[in-house]
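One structure is given here, and the rest of the page talks about it.
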Amino acid sequence: MCGIVGLFLKNQALEPQLGSLVSGMLTTMCERGPDSAGFAVYGTPSKGKGKITIQSADADAFKGLAERIKKEAGVSADLSLKSSHAVLTVPSDKSDAVVTWLRANTPNIRIMGSGEAIEIYKEVGYPTDVAKRFDLAKMSGSHAIGHTRMATESAVTTLGAHPFSTGPDQCLVHNGSLSNHASLRRELRRDGIRFETENDTEVAAAYITWRMKQGLNLGDALRGTLDDLDGFFNFVVGTKNGFGVVRDPIACKPAVMAETDDYVAFGSEYRALVDLPNIDKAHVWEPEPATVYFWER
Ligand SMILES: NC(=O)CC[C@H](N)C(=O)O
């Protein structure tokens with residue numbers, strides 16, 4: 001199982017409703033993935049600013065953190081707290097330095113993702129509770145991807161929840177399981193890619209990041225998964241201004257898409273899409289096996 005939802009808005013007027021629409025979609029997919037849940041929301045980037053989403057199980061971990069970053073890393077950071085997560089806003093040219101500083105100096109803090117637009121929240125727990133805990137319904141933005149997890153390949157932990165973010169403003173969610181992730185992980189590690197978990201999906205996310213770093217666009221990177229990843233997969237991927245979908249050639253995991261002039265939506269099942277505006281007039285289809293779909297703004 002596992003449930004995937006995704007919504008990419010073409011009409012900016014719908015942006016204030018993004019979180020409430022995606023929260024409704026995620027709720028329909030609870031029983032497909034009751035172990036844990038997560039979502040990535042792409043908001044409007046602020047010029048010259050980078051965002052780093054961090055998480056800690058220790059309620060005190062974020063106390064005084066912005067002051068420490070200023071004092072020890074020499075970077076001014078704003079911290080906005082949301083339950084077990086926080087978003088640090090820093091000058092975008094200092095974002096990598098702050099991530100490096102966090103990794104070296106704050107062992108009880110995990111980095112969920114970073115970029116100019118992305119915020120990423122994920123936790124163990126029932127998906128409706130996870131969505132409520134992080135106020136998904138109140139968030140706005142241009143696109144969002146959510147996931148409800150029933151684990152197959154690694155432990156049920158915060159870091160094992162989806163989405164996986166392995167590069168700036170990138171994220172990936174997955175329904176399925178990969179059979180060659182261990183060998184591909186070794187290959188990517190040799191190329192300097194770092195992994196946080198033993199999860200198969202993290203390897204797929206890192207593969208996309210690796211291909212895009214080599215200069216491929218999102219569509220071509222997704223096409224690469226069809227040659228280089230073995231196993232079952234529906235992947236939904238977000239980038240700063242893009243949204244992509246690919247299914248493996250056997251396509252045994254369910255998927256449905258809908259498109260109107262206002263949005264493109266993905267659901268593991270049609271019921272995830274039923275409350276979207278004007279869904280009765282949407283073009284609704286099942287994505288083809290071994291076919292890449294992607295949209296960019
Ligand atoms: N049920 C699934 O689709 C699981 C996805 C992935 N293999 C994981 O364990 O996270």
Side-chain angles (χ1 to χ4, degrees), residues 1-6 22 25-40 55 110-113 120-131 144-167 170-188 193-209 222 224-226 228-238 244-257 266-272 286-287 289-290:
M1 290 268 242
C2 275
I4 297 179
V5 298
V22 172
M25 294 167 81
L26 196 73
T27 299
T28 64
M29 293 291 104
C30 280
E31 81 280 7
R32 290 191 64 87
D35 298 345
S36 46
F39 54 89
Q55 183 274 356
R110 289 94 165 256
I111 293 155
M112 300 284 110
I120 186 159
Y121 300 88
K122 56 190 202 180
E123 276 299 358
V124 172
Y126 203 62
T128 40
D129 299 333
V130 175
I145 293 170
H147 187 267
T148 64
R149 180 173 187 226
M150 189 178 281
T152 63
E153 301 299 313
S154 69
V156 177
T157 61
T158 302
L159 284 180
H162 304 210
F164 283 91
S165 182
T166 48
Q170 286 174 10
C171 82
L172 178 143
V173 298
H174 173 206
N175 178 198
S177 51
L178 303 176
S179 51
N180 65 337
H181 66 100
S183 54
L184 187 55
R185 180 186 282 107
R186 281 194 295 274
E187 201 180 313
L188 293 178
I193 313 264
R194 101 186 241 132
F195 289 91
E196 306 286 345
T197 72
E198 292 306 308
N199 186 274
D200 56 337
T201 308
E202 187 181 16
V203 177
Y207 173 87
I208 299 281
T209 304
L222 286 171
T225 64
L226 295 166
D228 294 333
L229 298 184
D230 296 333
F232 300 117
F233 54 86
N234 287 342
F235 295 134
V236 178
V237 176
V245 172
V246 64
R247 293 178 91 193
D248 70 72
I250 296 169
C252 64
K253 300 293 175 188
V256 58
M257 299 199 67
F266 180 100
S268 291
E269 299 174 37
Y270 179 71
R271 65 201 165 97
E286 181 181 346

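Along the sequence shown, the residues carry numbers beginning at 1. Remember, it's 1-based here, ligands and their atoms both numbered in the order they're listed.
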Considering only heavy atoms of [X], which atoms of ligand 1 have at least one such atom less than 4.0 Å away?
| X | result |
| --- | --- |
| Met150 | 1 (N), 2 (C), 4 (C) |
| Cys2 | 1 (N), 2 (C), 3 (O), 4 (C), 5 (C) |
| Asn175 | 2 (C), 3 (O) |

Apply the side chain to side chain contact (heavy atoms under 4.5 Å, CB included) test between [X] and each candidate in [options]; give the one that qualifies.
| X | options | answer |
| --- | --- | --- |
| Val173 | Val5, Ile145, Val237 | Ile145 |
| Phe195 | Asn199, Thr197, Ile193 | Ile193 |
| Thr201 | Glu153, Arg149, His162 | His162 |

Exam field: side chain [X] to backbone [Y], donor-acceptor pair closer than 3.5 Å:
| X | Y | result |
| --- | --- | --- |
| Arg185 | Glu198 | yes |
| Asn234 | Gly176 | no |
| Asp200 | His181 | no |

If we only count N/O pairs under 3.5 Å, is [X] in contact with ligand 1?
| X | answer |
| --- | --- |
| Ser177 | no |
| Gly160 | no |
| Arg149 | yes |

Margin query: With a 4.5 Å cut-off on side-chain heavy atoms, are Gln55 and Lys122 touching?
Written below: no

Next item on the list: Measure Asp200 to ligand 1 on non-hydrogen atoms and call it side chain, backbone, both or neither using the 4.0 Å cut-off.
Entry: side chain

Item checked: ligand 1 contact on Leu178 by region, counting heavy-atom pairs under 4.0 Å -> neither

Note to self: Would Lys253 count as a contact residue for ligand 1, given that I'm defining contact as a non-hydrogen atom of the residue lying under 4.0 Å from a ligand atom?
What the structure shows: no

Item checked: Protein residue, atom and distance nearest to atom 1 (N) of ligand 1, heavy-atom basis -> Met1 O, 2.6 Å

Next item on the list: Identify, for atom 5 (C) of ligand 1, the protein heavy atom at the shortest distance, and state residue, atom and that distance.
Entry: Gly176 O, 3.3 Å

Next item on the list: Could you tell me which residues satisfy side-chain contact (heavy atoms from CB on, under 4.5 Å) with Ala144, sequence neighbours excluded, listed by chain and number?
Entry: Leu18, Val22, Val41

